[in-house]
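The sequence lines fix the lettering, A, B, ..., with proteins before strands; numbering per chain opens at 1. Fair warning: this is a prediction, and the values are worked out from it, not measured in the lab.
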Amino acid sequence: MLDRRLIREEPETIREALRKRGYEFDLDELIGVEQQRRELLEMVESRRAQRNEISEEIGRLIKEGGDAEPLKAQSTALGEAIAQSEEELRQVEERFEQLMLELPNIPLDEVPAGATEEDNVVMYSQGEIRRFEFTPLGHWELGVRLGILDFSVAANQAGARFVTDIGAGSALERALINFMLDTHTRQHGYTEVLPPFLANERSCYGTANLPKFEEDLFKTTDGLYLIPTAEVPLTNMQQDEILAAEELPKCYTAYTACFRSEAGAAGKETRGLIRVHQFHKVELMKFVKPEQADEELEKLVNNAEAIIQALELPYRRAHLCTGDMGFQPRQTFDLEGYFPGMDRWLELSSCSQYGDFQARRCNTRYRPEPEAKPQFVHTMNGSGLACGRTMAAILENYQQENGTVVIPDALRPYMGGLVEITPPLP
RNA sequence: GGAGGGGUGGCCGAGUGGACGAAGGCGGCGGUCUUGAAAACCGCUGUGCCGCAAGGCACCGGGGGUUCGAAUCCCUCCCCCUCCGCCA
């Protein structure tokens with residue numbers, strides 16, 4: 001959610017942001033509704049003030065034994081008028097809120113302009129892309145041959161777009177989770193959190209997954225949502241709180257399962273572990289002071305990169321363009337791993353800063369100075385990393401001609417010293 | 001799931017339908033005293049919205065109702081605590 005003051009003070013900034021994003025939105029309606037809202041509000045409030053005055057007078061009269069009946073009648077009449085304007089105001093306010101919630105964040109100036117993925121700017125690549133003396137397989141094929149990923153069992157248990165990890169596959173994913181959490185807590189200074197995997201409506205509004213993206217979420221019969229990412233619980237850690245300046249930056253990391261309905265997604269990108277309804281992810285999240293935002297985001301990206309580097313996977317960093325960026329962020333960097341089996345770069349991590357867009361919705365503030373007025377914090381988060389995709393990248397990059405997969409050095413201590421995953425005996 | 005008890009400012013806690021945005025305490029800030037600190041004493045200390053301002057409006061878990069007027073009465077939902085039941 002944007003600052004409502006922007007609507008009347010800097011409408012052109014918003015108009016420009018919408019244009020850069022290629023986002024359809026009736027800004028003029030919002031401006032009109034905002035104006036209307038203020039006019040009605042002033043009317044309602046001045047009438048209320050009048051009524052309060054009369055009520056006080058009635059109290060005084062009664063105490064003195066006077067006749068309060070005429071004033072009571074006056075107050076009742078006024079009450080009816082108030083009720084009527086209040087109803088009008090309520091409707092206007094509702095529309096105003098609705099429109100505000102559908103307004104996307106304003107991209108930072110340095111975000112590259114562009115319409116699609118094609119316009120994202122690759123900033124740099126790291127790690128060597130391995131040359132294979134054989135045709136590398138896709139991870140889904142490797143995983144099935146090794147007996148560590150089973151898509152048909154998952155289909156029977158749950159449905160299409162699910163996976164069941166088995167044996168060394170399960171151990172590998174668990175190793176990844178532990179390795180990531182240990183690294184972020186012990187070396188990068190994050191506090192570990194294990195939150196609920198379901199969230200209520202308010203929390204989903206907080207991160208702006210609602211109201212615009214409800215179709216992406218799984219909803220339970222009693223109105224809770226399965227979290228699409230740990231961003232939801234983490235960003236809502238300090239709902240309605242006013243933090244002290246010294247507490248910032250406040251850094252959290254969490255492993256959670258993530259659930260996405262993936263309505264409408266289909267095609268090549270959906271093979272294997274790339275796009276499933278349930279996956280595992282270790283998330284990084286920070287609450288920061290506005291002036292810390294850029295620096296802290298850079299550190300957060302580096303923290304995610306550290307994992308990819310430790311796993312010795314080739315990757316590159318992309319600066320998402322205005323058109324490819326999500327609704328909520330004002331800047332996003334993707335870390336894309338190279339997948340030799342598919343000959344593709346795919347997102348292992350997406351790191352975004354939101355300014356006060358989410359903090360406003362969650363009502364998370366801080367006090368810059370002990371006596372100063374509270375201000376909204378800035379929020380940011382990034383995957384550190386998506387475990388399923390990282391496992392897929394490991395399988396594809398570490399595969400051997402004889403069908404085995406070597407375990408990256410960094411993970412061996414987490415897998416009882418296992419050096420490679422071998423296929424089951426025929 | 002059943003029975004009961006609760007939700008008040010940063011925290012603890014009082015609150016009779018009108019003088020309550022709310023006693024008192026703690027904490028925080030400023031001051032007096034002190035070589036310095038502590039103690040003591042004095043003062044200040046919630047948030048949002050509208051307004052150029054003066055000022056006004058709203059908020060005592062959420063929503064609704066009764067009333068001229070609600071923190072206070074009624075309904076409903078949510079959350080917390082205690083006991084019982086069930087359960088990994």
Side-chain angles (χ1 to χ4, degrees), chain A residues 1-9 30-101 194-206 210 219-225 233 236-248 250 257 287 356 358-377:
Chain A
M1 185 128 71
L2 297 176
D3 186 346
R4 55 179 59 180
R5 263 183 298 253
L6 284 179
I7 306 300
R8 64 165 182 267
E9 288 170 10
L30 179 58
I31 293 170
V33 169
E34 200 275 339
Q35 169 91 23
Q36 222 182 332
R37 187 188 71 88
R38 264 183 306 145
E39 284 165 7
L40 277 168
L41 187 64
E42 267 178 64
M43 184 160 74
V44 167
E45 289 193 348
S46 67
R47 284 180 176 168
R48 280 187 193 152
Q50 226 177 318
R51 183 182 54 184
N52 288 346
E53 226 171 284
I54 294 174
S55 285
E56 253 175 73
E57 184 59 29
I58 291 173
R60 214 171 303 140
L61 266 179
I62 290 176
K63 201 152 288 178
E64 292 164 3
D67 178 17
E69 288 313 312
L71 278 181
K72 281 192 187 182
Q74 207 182 325
S75 177
T76 306
L78 195 52
E80 279 160 18
I82 291 172
Q84 215 166 48
S85 334
E86 274 177 341
E87 175 56 21
E88 263 180 87
L89 178 63
R90 196 192 57 73
Q91 284 176 20
V92 169
E93 217 141 47
E94 197 176 300
R95 181 67 186 144
F96 176 71
E97 282 297 313
Q98 191 185 347
L99 288 169
M100 285 302 286
L101 288 169
L194 184 55
F197 291 4
L198 278 79
N200 60 23
E201 200 173 58
R202 187 196 164 180
S203 297
C204 296
Y205 270 94
L210 288 179
K219 188 177 187 177
T220 69
T221 49
D222 37 28
L224 294 172
Y225 294 86
N236 284 285
M237 286 286 289
Q238 329 289 149
Q239 269 181 8
D240 297 320
E241 281 187 45
I242 299 174
L243 304 167
E246 314 83 71
E247 295 180 71
L248 303 174
K250 205 170 179 65
F287 297 97
D356 61 12
Q358 293 180 324
R360 224 171 255 290
R361 292 170 171 239
C362 297
N363 194 26
T364 301
R365 294 173 291 174
Y366 80 106
R367 226 178 270 284
E369 302 291 334
E371 299 294 289
K373 274 181 61 114
Q375 269 186 33
F376 288 108
V377 299

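Remark: C1' of B:G51 and CD of A:Glu39 are 14 Å apart, rounded to the nearest angstrom. B:C49 atom P lies 18 Å from atom CD of A:Gln35, rounded to whole Å. Rounded to whole Å, the distance from CZ on A:Arg360 to C1' on B:U47 is 15 Å. The CD atom of A:Glu45 sits 12 Å away from the C1' atom of B:C59 (whole-angstrom rounding). A:Leu40 places its CG atom 16 Å from the C1' atom of B:A58, with the value rounded to the nearest Å. Rounded to whole angstrom, the span from the CG atom of A:Asp240 across to the C1' atom of B:C79 amounts to 14 Å. As a whole-Å value, the separation of A:Leu89 CG from B:A58 P is 13 Å. Regarding A:Glu34, its CD atom lies at a distance of 12 Å from the C1' atom of B:C49, rounded to whole Å.
One distance of note links CZ of A:Arg51 with CD1 of A:Ile82; it measures 4.0 Å at 0.5 Å rounding. Rounded to the nearest 0.5 angstrom, A:Tyr225 OH and A:Lys219 NZ are separated by 3.5 Å. Atom-to-atom distance recorded for A:Leu2:CG and A:Ile7:CD1 is 6.5 Å, nearest 0.5 angstrom.
Applying the side-chain hydrogen bond (donor to acceptor under 3.5 Å, both in side chains) test to A:Gln50 and every residue at least two apart in sequence or in another chain returns nothing. Evaluation of the salt bridge (Lys or Arg N to Asp or Glu O under 4.0 Å) rule for A:Glu88 yields no partner, not counting sequence neighbours. Take A:Ala245 and apply the side chain to side chain contact (heavy atoms under 4.5 Å, CB included) test, not counting sequence neighbours, and it matches A:Lys289, A:Tyr366. With sequence neighbours excluded, no residue forms a salt bridge (Lys or Arg N to Asp or Glu O under 4.0 Å) with A:Glu241. The salt bridge (Lys or Arg N to Asp or Glu O under 4.0 Å) check on A:Glu94 picks up A:Arg90, with sequence neighbours excluded. Partners of A:Glu56 according to the side-chain hydrogen bond (donor to acceptor under 3.5 Å, both in side chains) rule, which considers only residues two or more places apart in sequence or in another chain, do not exist here.
The partner of B:U35 is absent, by the rule that a Watson-Crick or G-U pair needs both atom distances under 3.5 Å. Pairing partner, B:G24: B:C12, with both Watson-Crick or wobble hydrogen-bond distances short of 3.5 Å. In this structure, B:U82 forms a base pair with B:A3, meeting either the Watson-Crick or the G-U wobble geometry with both donor-acceptor distances under 3.5 Å. In a base pair of the Watson-Crick type (N1 to N3 plus N6-O4 or O6-N4) or a G-U wobble (N1-O2 and O6-N3), with each distance short of 3.5 Å, B:G30 is matched with B:C42. Using Watson-Crick or G-U wobble geometry with both donor-acceptor distances under 3.5 Å, B:C87 finds no partner in any strand shown. The nucleotide B:A19 finds no pairing partner, because no Watson-Crick or G-U wobble arrangement with both distances shorter than 3.5 Å includes it. For B:A71, there is no paired nucleotide, since no Watson-Crick or G-U wobble pair has both relevant distances below 3.5 Å.
Between the P atoms of B:A88 and B:G48, the separation comes to 49 Å (whole Å). Using atom C1' as the reference point in both B:A23 and B:G15, the two lie 8 Å apart (nearest Å). For B:A71 and B:G61, the P atoms lie 10 Å apart once the distance is rounded to whole Å. The C1' atoms of B:A70 and B:C75 are separated by 15 Å, rounded to the nearest whole Å. Nucleotides B:G30 and B:C49, compared at atom C1', are 30 Å apart to the nearest Å. Comparing the same atom, C1', in B:G2 and in B:A58 gives a spacing of 40 Å after rounding to whole Å. B:C29 sits 13 Å from B:G10 when the C1' atoms are compared, rounded to a whole Å. The P atoms of B:U8 and B:C80 are separated by 14 Å, rounded to the nearest whole Å.
A salt bridge links A:Glu97 to A:Arg4: at least one charged side-chain nitrogen sits closer than 4.0 Å to a carboxylate oxygen.
You'll find that the side chain of A:Asn52 is closest to B:C57, out of B:C57, B:G51, B:U47. Closest to the A:Pro374 side chain, of the nucleotides B:A58, B:G48, B:G51, is B:G48.
When the side-chain nitrogen and oxygen atoms of A:Arg37 are compared with OP1 and OP2 of B:C49, none of them lie within a distance under 4.0 Å. Residue A:Arg4 has no polar side-chain atom (N or O) positioned under 4.0 Å from OP1 or OP2 of B:C50. OP1 and OP2 of B:G56 both lie 4.0 Å or more from every side-chain N or O belonging to A:Arg48. The phosphate of B:G48 (OP1 or OP2) has a side-chain N or O of A:Arg365 nearer than 4.0 angstrom.
Taking the side chain as every heavy atom from C-beta outward, A:Lys250 and A:Met237 never approach each other to under 4.5 Å.
Within the structure, side-chain hydrogen bond (donor to acceptor under 3.5 Å, both in side chains) contacts touching residues 68-85 of chain A (residues at least two apart or in different chains) are A:Arg47-A:Ser85.
For the residue pair A:Pro374 and A:Ile242, the shortest heavy atom distance occurs at CG-CD1, 4.0 Å.
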Dump every N/O contact between nucleotides 7-12 of chain B and the protein below 3.5 Å, one line per pair.
none

Using the 3.5 Å cut-off, write out each protein N or O paired with an N or O of nucleotides 52-54 of chain B and the distance between them.
none

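In this structure, A:Arg47 reaches neither bases nor backbone, as no heavy-atom distance under 4.0 Å exists between it and the strands shown. Looking at heavy-atom distances under 4.0 Å, A:Arg5 makes no contact with the nucleic acid at all.
Heavy-atom distances to RNA chain B give each of A:Ala49 and A:Lys373 a nearest nucleotide, and the one nearer the 5′ end belongs to A:Lys373.
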Using distance only, find each side-chain donor-acceptor pair of residues 33-45 of chain A under 3.5 Å and give its atom names and separation, not counting sequence neighbours.
residue, atom, partner, partner atom, Å
A:Glu34, OE1, A:Arg38, NE, 3.4
A:Glu34, OE1, A:Arg38, NH2, 3.3
A:Glu34, OE2, A:Arg8, NH1, 2.9
A:Glu34, OE2, A:Arg38, NE, 3.4
A:Gln35, NE2, A:Glu39, OE2, 2.9
A:Arg37, NH1, A:Glu93, OE2, 3.4

Quick one: side chains of residues 194-203 of chain A, donor-acceptor pairs under 3.5 Å with protein atoms, not counting sequence neighbours, listed by atom name and distance.
residue, atom, partner, partner atom, Å
A:Asn200, OD1, A:Arg202, N, 3.4
A:Asn200, OD1, A:Ser203, N, 3.0
A:Asn200, OD1, A:Ser203, OG, 3.0
A:Arg202, NH1, A:Gln239, OE1, 3.4
A:Arg202, NH1, A:Asp240, OD2, 2.9
A:Arg202, NH2, A:Asp240, OD1, 3.3
A:Arg202, NH2, A:Cys362, O, 3.3
A:Ser203, OG, A:Gln239, NE2, 3.3

Sugar-phosphate or base contact per nucleotide [nucleotides 60-71 of chain B; S, B, -; heavy atom under 4.0 Å]: --------BS--
